[in-house]
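Everything below concerns the one structure shown next.
We number each residue from 1, following the sequence as shown. These numbers were taken from a predicted model, which means no experiment stands behind them.
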Amino acid sequence: MRTSLAESLDRLGLDRIDILHLHDPDDHYEQAASTAYTALRDLRAEGAVKAIGAGMNRTPVLTRLVENCDLDLVLLAGRYTLLDQSSMADLLPACRAHGTTVVVGGVFNSGILLDPSPGARYDYAPADAAIVAKARRIQEVCDRHDVPLAAAALQFPLAHPQIASVLIGARSVPELDMDLDLLDVVIPDALWHDLRASGLLPDDVPVPSGALVTSPERSVR
């Protein structure tokens with residue numbers, strides 16, 4: 001852990017960073033919760049990093065880490081989106097109980113929530129027919145309200161009180177500009193009502209209300 005950080009700092013030309021994540025320890029919980037976490041904790045105590053966490057796209061191990069380690073935040077990819085809110089069953093309640101902040105990534109689920117056409121990808125692989133059909137039903141609701149599907153996908157996670165930021169990973173300035181424009185789209189409450197009424201969103205999932213206002217604490221990075 002220390003060697004990896006030192007090499008990263010050398011490449012970045014920095015002497016410290018804000019956040020250090022343990023990446024995808026899916027099959028290595030024991031090592032992650034012991035030696036790796038101890039290194040992260042010590043680096044935070046020394047001031048080499050401001051905050052520590054873990055980033056994954058599956059929730060069981062991430063939930064265990066939140067419950068058993070003193071993490072400041074977690075990065076969750078693809079498990080809190082318009083298509084998949086499975087993290088509400090374990091990770092998000094655990095984060096609330098332990099005061100752990102959540103950053104959400106993968107809000108477009110590998111592209112299907114940008115364009116749910118045949119051949120769209122979901123979770124890094126071609127989407128099966130049922131996923132494509134659900135995404136297209138969500139798009140139909142968005143179309144009825146003249147709202148881009150991508151805007152609904154980007155704004156949806158920010159309504160959850162435990163989620164502080166959405167991580168996009170734009171590859172270019174035009175992509176960044178597009179994402180910022182999507183944040184400016186005003187989505188009527190009726191759209192979220194219709195998604196719930198159609199069974200496309202559970203009734204207990206938080207949804208945005210009115211114009212979305214971003215801040216340093218609730219933002220797109």
Side-chain angles (χ1 to χ4, degrees), residues 1-113 121-128 131 153 157-158 160-171 219-221:
M1 295 292 292
R2 288 180 175 274
T3 299
S4 178
L5 175 61
E7 292 174 348
S8 294
L9 290 173
D10 184 61
R11 287 191 293 268
L12 291 166
L14 300 172
D15 59 4
R16 63 192 302 279
I17 57 174
D18 290 332
I19 300 169
L20 183 61
H21 279 300
L22 182 64
H23 181 68
D24 280 351
D26 299 71
D27 300 320
H28 307 281
Y29 171 76
E30 295 302 329
Q31 296 96 320
S34 55
T35 54
Y37 168 66
T38 298
L40 289 173
R41 182 195 62 197
D42 292 348
L43 288 165
R44 180 178 59 187
E46 296 163 12
V49 299
K50 287 185 179 180
I52 60 172
M56 301 177 65
N57 57 17
R58 290 188 285 178
T59 60
V61 169
L62 200 53
T63 301
R64 292 178 67 190
L65 289 171
V66 167
E67 292 173 338
N68 296 295
C69 302
D70 180 22
L71 301 182
D72 299 295
L73 74 167
V74 294
L75 171 57
L76 174 67
R79 301 284 78 83
Y80 192 72
T81 72
L82 277 179
L83 275 175
D84 184 342
Q85 302 91 46
S86 56
S87 58
M88 288 189 67
D90 52 6
L91 179 63
L92 290 176
C95 288
R96 181 173 183 177
H98 292 270
T100 307
T101 297
V102 181
V103 175
V104 167
V107 294
F108 302 129
N109 280 130
S110 299
I112 194 169
L113 288 175
R121 298 181 70 80
Y122 174 76
D123 278 357
Y124 316 109
D128 63 38
I131 292 292
L158 290 169
H160 196 286
Q162 206 62 35
I163 293 171
S165 183
V166 169
L167 179 65
I168 296 297
R171 293 175 296 183
S219 59
V220 173
R221 297 298 186 191

What distance do [X] atom [atom1] and [Y] atom [atom2] have between them, rounded to the nearest 0.5 Å?
X      : Y     : atom1 : atom2 : answer
His160 : Met88 : NE2   : CE    : 5.0 Å
His21  : Asp72 : NE2   : CG    : 9.5 Å
Asp15  : Asp10 : CG    : CG    : 12.0 Å
Cys69  : Ile52 : SG    : CD1   : 8.0 Å
Ile19  : Leu73 : CD1   : CG    : 5.0 Å
Glu30  : Arg64 : CD    : CZ    : 6.0 Å

Under the side chain to side chain contact (heavy atoms under 4.5 Å, CB included) rule, what do Val107 and Leu113 come out as? Steps first, then yes or no, please. CA-CA 8 Å; Val107 294; Leu113 288 175; over 6 Å; no
Assess the residue pair Arg58 and Asp90 against the criterion (salt bridge (Lys or Arg N to Asp or Glu O under 4.0 Å)); give the C-alpha distance rounded to whole Å, side-chain angles, the decisive distance to 0.1 Å, and a yes or no. CA-CA 11 Å; Arg58 290 188 285 178; Asp90 52 6; over 6 Å; no
Could you report the tightest heavy-atom contact between [X] and [Y], atom names first, then the distance?
X      : Y     : value
Ala39  : Met1  : CB-CB, 3.7 Å
Leu22  : Ala32 : CD2-CB, 3.4 Å
Thr59  : Ser87 : CG2-CB, 3.9 Å
Leu65  : Pro25 : CD1-CG, 4.1 Å
Gly105 : Leu75 : N-CD1, 4.1 Å
Leu5   : Ala48 : CD2-CB, 4.4 Å

Are the side chain of [X] and the backbone N or O of [Y] linked by a donor-acceptor pair below 3.5 Å?
X      : Y      : answer
Ser110 : Tyr124 : yes
Tyr37  : Asp70  : yes
Asn109 : Asp123 : no
Arg44  : Val49  : no
Gln162 : Thr100 : yes

Evaluate whether atom [atom1] of [X] has more than 12 neighbouring non-hydrogen atoms of other residues, nucleotides or ligands under 6.0 angstrom away.
X      : atom1 : value
Arg41  : CZ    : yes
His98  : NE2   : yes
Arg171 : CZ    : no

Can you check side chain to side chain contact (heavy atoms under 4.5 Å, CB included) on Tyr122 and Asp128, steps first, answer last? CA-CA 8 Å; Tyr122 174 76; Asp128 63 38; over 6 Å; no
Go through the steps to decide whether Leu158 and Val166 satisfy the test side chain to side chain contact (heavy atoms under 4.5 Å, CB included), and finish with yes or no. CA-CA 7 Å; Leu158 290 169; Val166 169; 3.7 Å; yes
Residue among Leu92, Val74, Leu91 satisfying side-chain contact (heavy atoms from CB on, under 4.5 Å) with Thr63: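 Result: among Leu92, Val74, Leu91, Leu91 is the only option passing the side-chain contact (heavy atoms from CB on, under 4.5 Å) with Thr63.
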Using side chain to side chain contact (heavy atoms under 4.5 Å, CB included), reason through Asp42 and Arg2 one step at a time and then give a plain yes or no. CA-CA 10 Å; Asp42 292 348; Arg2 288 180 175 274; 3.8 Å; yes
